[in-house]
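Worksheet for the structure shown next.
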Amino acid sequence: MQGAELFHEVNFNSHTSKGNGGLKNSLRFEAPWLILKSMELETLLKAQKNVSLRRIGEKVLEGKRLSPEDALTLFNSNELAYIGALAEYVNRQKNGMFAYFVVNRQINPTNICVYQCNFCAFGVLKSDPRAYEMSLEEILEKVEETYQQGGREVHIVGGVPPHWKVEDYVGLVREIKSRFPQMVVKAWTAIEIHHMAKISKRSYEDILKELKDAGLDAIPGGGAEIFSERARKIIAPYKANAEEYLEVHRTAHKLGIPSNATMLYGHVETYEERVEHMLRLRELQDETGGFQVFIPLAYWPEGTRLGGKRTSSVDDLKTIAISRLFLDNFPHIKAYWITLGEKIAQIALNMGADDLDGTIEEERIVHSAGTTSPYKQSKEKLINLIRSAGKIPVERDTFYNIVAIYP
Ligand code: SF4
């Protein structure tokens with residue numbers, strides 16, 4: 001073994017906008033097993049009989065960008081092990097053996113929603129007996145509980161109630177930030193921000209500046225669903241469209257607010273529409289570099305007007321792996337354990353994903369659609385999940401700065 005192969009260097013803050021000052025920019029680990037050898041990949045390619053798949057593998061090995069046609073070829077292939085190995089090769093180039101998690105809490109302040117998307121089992125009308133709305137005190141109690149437990153991120157998303165004004169969204173961020181200045185507030189999806197702009201007849205920039213001044217640190221990726229106009233008309237005809245979603249994120253990035261990106265798959269969309277969705281995200285990322293992570297979200301049909309079937313585990317893993325291969329400018333791919341379940345999320349960590357999300361504490365949106373994953377996960381459990389998947393657990397903050405490594 002050559003000396004150079006004994007180390008793998010990972011630049012932690014190269015793609016983050018904020019440093020926590022706690023750790024150096026890069027760490028070196030004595031671990032010859034960190035990188036899947038290109039030699040191993042070459043052997044895999046030689047054994048690949050399908051010419052198109054082999055050609056895609058060669059591109060991966062040469063570090064070339066995959067085309068939309070390549071991504072479509074992968075979606076139409078059943079060679080999960082091959083696609084997963086290619087994706088894991090790319091992941092290890094980017095993230096070594098690290099797999100990330102965050103100690104956080106999700107808060108869904110209300111399920112009252114004007115948009116009534118057909119794929120959503122969470123949003124209800126105000127008159128619905130299931131409707132709820134948390135008080136400010138209730139929300140602050142949850143934030144305090146998380147803070148006392150060492151959590152440093154609150155992720156706030158919910159329905160879009162007809163009676164909420166811009167001040168309600170901004171005021172909540174301001175209250176949390178003024179009482180818990182160390183807490184990172186990741187709040188309001190592009191859908192909510194578009195709604196605020198619409199009801200107040202103000203620009204996205206204006207709204208985002210006000211939120212930022214109030215203490216907003218990042219915006220989550222929810223609301224992207226699938227960008228295809230055809231599919232969006234069926235699953236979510238009334239809320240912000242693809243252009244509006246992308247414009248909110250573009251504006252946020254311009255203002256120095258990092259964000260995440262998602263894709264809801266497994267409902268009425270085609271593989272072509274999945275690829276088109278990822279292409280539009282890749283193009284925006286080329287332009288701004290403001291996305292931190294891509295999160296493929298499997299559709300859960302229970303309790304929705306749209307109905308349908310759950311995705312298969314093979315589809316879940318293939319979608320994660322292809323996103324890792326296609327979104328070459330995204331530093332991270334998340335295997336969201338709430339929708340995937342713990343076991344599939346562990347496999348995903350070996351097929352291109354490098355992040356499990358977090359402890360969550362409480363989640364109502366996906367649980368309304370039937371997921372049976374627990375509502376929360378202890379930090380120890382997440383560490384064990386990652387370790388037993390063969391990876392090194394790394395606690396991160398919202399911006400992927402390292403908080404602690406659990407070798
Ligand atoms: S997906 Fe979001 S916008 Fe659509 S109904 Fe559900 S909560 Fe409302």
Side-chain angles (χ1 to χ4, degrees), residues 106-134 139 154-166 168-169 172 186-200 204 207 211 219-249 252 259-269 273 277 295-308 310-311 336 338-339 360 362-371 375:
Q106 190 169 139
I107 300 176
N108 309 129
T110 176
N111 64 348
I112 299 170
C113 189
V114 288
Y115 289 118
Q116 296 297 295
C117 304
N118 292 323
F119 73 88
C120 176
F122 171 73
V124 297
L125 294 173
K126 206 173 173 188
S127 54
D128 192 295
R130 293 167 297 171
Y132 74 84
E133 201 172 340
M134 293 176 189
I139 294 170
V154 275
H155 172 139
I156 307 175
V157 290
V160 183
H163 52 284
W164 277 34
K165 309 261 180 305
V166 175
D168 296 307
Y169 296 92
L172 185 51
K186 184 173 78 178
W188 313 132
T189 65
I191 304 304
E192 286 150 322
I193 291 161
H194 169 79
H195 182 80
M196 289 179 227
K198 193 168 94 177
I199 57 173
S200 63
Y204 296 150
I207 296 287
L211 283 164
I219 62 173
E225 322 315 355
I226 199 84
F227 291 150
S228 145
E229 213 183 314
R230 180 203 70 84
R232 218 173 169 85
K233 263 191 197 145
I234 301 170
I235 69 165
Y238 307 116
K239 68 180 176 189
N241 62 27
E243 287 70 32
E244 289 158 344
Y245 176 96
L246 291 166
E247 191 52 35
V248 169
H249 284 265
S259 72
N260 299 342
T262 59
M263 174 177 76
L264 185 78
Y265 65 92
H267 38 85
V268 301
E269 88 291 358
E273 287 165 338
H277 184 99
I295 314 158
L297 295 170
Y299 168 57
W300 278 75
E302 280 84 346
T304 67
R305 281 180 294 281
L306 188 65
R310 287 187 195 173
T311 56
Y336 188 45
I338 287 267
T339 54
I360 310 258
E362 180 178 340
E363 196 283 343
R364 299 185 188 222
I365 297 175
V366 189
H367 282 88
S368 303
T371 180
Y375 275 97

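Since we're looking at a predicted model, the values are computed, not measured. One-based numbering, in listed order, for ligands and for the atoms of each.
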Provide the number and element of each atom of ligand 1 under 4.0 Å from a heavy atom of [X].
{"X": "Gln116", "result": "5 (S)"}
{"X": "Cys113", "result": "3 (S), 5 (S), 7 (S), 8 (Fe)"}
{"X": "Phe119", "result": "1 (S)"}

Legend entry - Ring centroid separation Tyr115 to His195 under 6.0 Å: yes

Inset, instruction - Determine yes or no for a side-chain-to-main-chain donor-acceptor pair under 3.5 angstrom, with Thr262 supplying the side chain and Gly221 the backbone. - result: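 Answer holds: yes.
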
Inset, instruction - Using a cut-off of strictly less than 2.8 Å, determine whether Cys120 has an N/O/S atom near atom 6 (Fe) of ligand 1. - result: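 Yes, Cys120 qualifies, because one of its backbone or side-chain N, O or S atoms lies under 2.8 Å.
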
Inset, instruction - Tell me whether Cys117 has at least one N, O or S atom under 2.8 Å from atom 4 (Fe) of ligand 1. - result: yes

Legend entry - Atom CZ of Arg130: over 12 foreign heavy atoms under 6.0 Å: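 Count not over threshold, so no.
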
Inset, instruction - Indicate the ring-plane relationship of Tyr169 and Trp164, choosing parallel, tilted or perpendicular according to the 30° and 60° boundaries. - result: perpendicular

Legend entry - Any side-chain donor near an acceptor of the partner, Tyr299 and Thr304, under 3.5 Å: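 There is such a pair (donor and acceptor under 3.5 Å, judged by atom type) between the side chains of Tyr299 and Thr304.
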
